[in-house]
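Predicted model, so just to flag it, every value in this text is computed and none were measured.
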Protein chains: 2
Amino acid sequence: MESLIVADKTSLYHNTTPSSLVPNLPLNNKDGSSSTSSTTFNSYINLDQGDPVVFKEYWRKKSEECMVVIKGCELLSYLSDLRSVCWFMMPELRDAIKRLHALVGNADTNDMYIVVGNGSTQLFQAALYALSSSSSSDDPINVVAAAPYYSEYQEQTDILRSGIHKWGGDAMKYDKNEAYIEVVTSPNNPDGSIRGPVVNSKCGGEGKLVHDLAYYWPQYTPITHMASHDLMLFTFSKCTGHAGSRIGWAIVKDKEIAKKMTKFIQMSSIGVSKESQTRVAKIIEVLCDSYKNFKLGGLSKESELFFEHSRRLMMERWEKLREVTKQNSDFSVPKFPQAYCNFTNETSETYPAFAWLKCNKDEDCESYLEKKLKILVRGGNRFGSDPRYARLSLLGKDDDFGEFLKRISIDMNEFRH
Amino acid sequence: MESLIVADKTSLYHNTTPSSLVPNLPLNNKDGSSSTSSTTFNSYINLDQGDPVVFKEYWRKKSEECMVVIKGCELLSYLSDLRSVCWFMMPELRDAIKRLHALVGNADTNDMYIVVGNGSTQLFQAALYALSSSSSSDDPINVVAAAPYYSEYQEQTDILRSGIHKWGGDAMKYDKNEAYIEVVTSPNNPDGSIRGPVVNSKCGGEGKLVHDLAYYWPQYTPITHMASHDLMLFTFSKCTGHAGSRIGWAIVKDKEIAKKMTKFIQMSSIGVSKESQTRVAKIIEVLCDSYKNFKLGGLSKESELFFEHSRRLMMERWEKLREVTKQNSDFSVPKFPQAYCNFTNETSETYPAFAWLKCNKDEDCESYLEKKLKILVRGGNRFGSDPRYARLSLLGKDDDFGEFLKRISIDMNEFRH
């Protein structure tokens, strides 16, 4: 699942930032992204949201190749493909999504239904609707996830105080004999762990699973198996970094569930932008073509392939972060096991999109980073976890990431005593 | 509010179509729109949904002028404008929307907040959320609209069995001393009437209004005043016919309500496609520029201006329809009063996007049209009204509209006795 952008101006970067601090916050560039190119210790660095601008440089080189041209009379109709359960999905997007998963080997799309949504956020709610409304229970179904869980699941579940589903908290602690939906996020947001379902089936409640695989792409983690769960969510935002397009998709085994998800999206937004669908299909085609050309001995260098390039970026950031936290025992980050990646044919570890930082010298990591180092992050309590932890985005601009490392180092050297 | 597209394949065109009839249904063209170019009496004509393809020919002539080009590295970030309450709205779209309303004179945007959404459907739900959650009542707030009301309001309100709002039915019959939201749709979908609020304030319940002005554009109705209500909804789908873009907007007086609507959209879809926002901004600019050039004595002919052109299309369809219903007393359509339009500087009547057809020889208009004439429409009961009525889209293709008129005429001449 994608990370939250907080709406209110006084809290856009951060939930607890006092409004008096707002003038210090970096304002957005023309493209909407934030900038701290002239960062000093007087400016805040925002590592709260997972805005995936780290991949922008890559796409700059592919700008012309990925270009889409849309004329005035195109894409007028609501309808896309009346033969498909998801009638608003364009066939070229469906084909591109299948091709991408076949290339990466991360999810099985054979004999599965694909439902496109306005980001995986909308699909998460569509999944809850579809699974809840097909539950035999009259009571709201419990939605649970193992802590630390994505900070937005709870509010996305409860925003309308639904009578069909309600947030049930930490899946590890779930012991009710009632129907439930367990959200399995793997690699996990915020902590990057590889996960499976955890609810104890001995409780006897009827359980359904939603697999949120937003980060199951080769730049973040080894592709160890072809996932083939009942209901899987993916988002283009975290796959290539094109978050502004708001395209996500679900891969669904059961036709009736796919129909209900489609109905939810119909009732919420009568479909999904065709401009975005067209563009995402094009970008996926370019991405897949570059692998095809490379394998045919064509012009592409291996380092110029998207997942290889982006995996190197993530690996470099993690290496730098580990170097700093190794020298500064005030902070620590999780270690990840090595695994063989069927996509890269190499053994490597997970390089998550977020660092789940533990602050060893303060009980409140978020507050410490904000007050002492002017780094805005999302505290552990937001994820149903310990406030000694905080989540930091590693998908931001180079400048911001570099400045973050500098501040953590300065903190160690100058502010310690 | 926009009209429903029914998702299920067996009912995509129509709620009651038996699945055995599906093979006869027209399949979609490459652009997703349906076609009956080879219509015979063996094929169904679908006038159920309001897919606005009638305007396509106009945009074909403007295709190059309205062309947008989007490169691979553009529009990556979630964020658009951190200075705006609606942080995911692109400034160029906001400016274009304000320019369009200033040109048409249909809504006041001065000192108002604009919130963009995935169609006005999402904004309707965002409005319900914002108004309900700022209500002083602990019980679900009643959402009402005067019958006949848009067929989807009820399900959009109740889909998650929300604890903060619930459908309350016909506003004319509302007599509870409880908080309510009245949806005022003007011109009304389905019947084209010009409306104001109707709930009797003597009941004492705290009332809030949502004005759904999807059809308050010069091609459908005279622009009699500059609307300046607390919360107004518009959709690009019905303004220019670009329904595939899924762009709607709300114009909101109260900053806190605009913030809550923004939050709802954030929780539902983390914003709105930037590709669509870019394209809609471009099309609005081209539309407004053509008026500017015309007024400056430039190249455009008056008949080539969008609202003049589309108004003539709607007028011609209504004239043909009135001609047929005049000759065939089995069917009747509403009459509309004349009014002076501040935009065209002429007196004219309303030419609604839908015909609210009354069947005088059968108690069930929908069933009659389907069984006797193979015309798929939406029956009056779906709008909280009498089944002797049915709603027919007048926004479809010329072929379909022509075939519809033919069948109504044939019905009179050949099937009567």
Check your understanding: Pick from A:Met67, A:Glu65, A:Glu57: which one has the most heavy-atom pairs with chain B under 4.5 Å?
Key ->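 Result: the option with the highest number of such pairs is A:Met67.
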
**Study point:** Pairs of heavy atoms under 4.5 Å with chain B: top-ranked of A:His165, A:Lys62, A:Glu155
**Key:**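 Option with the greatest count: A:Glu155.
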
**Study point:** Engaged part of B:Arg60 at the chain A interface, taking heavy atoms whose separation is under 4.5 Å
**Key:**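 Looking at B:Arg60, backbone and side chain both touch chain A.
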
Exercise for review: Go through the atoms of B:Phe264 and report whether side chain, backbone, both or neither lie under 4.5 Å from a heavy atom of chain A.
Suggested key: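 Contact with chain A: backbone and side chain both.
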
Review point. By side chain to side chain contact (heavy atoms under 4.5 Å, CB included), which residues pair with A:Asp95, not counting sequence neighbours?
Key: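 With neighbours one apart ignored, the set is empty.
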
Review point. Relative to each other, are the rings of A:His309 and A:Tyr58 parallel, tilted or perpendicular (30° and 60° limits)?
Key: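 The arrangement is tilted - the two ring planes meet at 30° to 60°.
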
Point to revise | Closest-packed option against chain A by number of heavy-atom pairs under 4.5 Å, given B:Ile283, B:Ile265, B:Val68 | key: B:Val68

Practice item. Give, as side chain, backbone, both or neither, the part of A:Val272 having an atom under 4.5 angstrom from any heavy atom of chain B. Key: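 Contact with chain B is through the backbone of A:Val272 alone.
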
Review point. Sequence neighbours excluded, which residues qualify as salt bridge (Lys or Arg N to Asp or Glu O under 4.0 Å) partners of B:Arg161?
Key: none

Check your understanding: Does the distance from a Lys or Arg side-chain N to an Asp or Glu carboxylate O, for A:Lys259 and A:Glu256, drop under 4.0 Å?
Key ->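 Salt bridge present between A:Lys259 and A:Glu256.
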
Check your understanding: Do the charged groups of A:Lys166 and A:Asp139 touch, with an N to O distance under 4.0 Å?
Key ->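 Salt bridge: no.
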
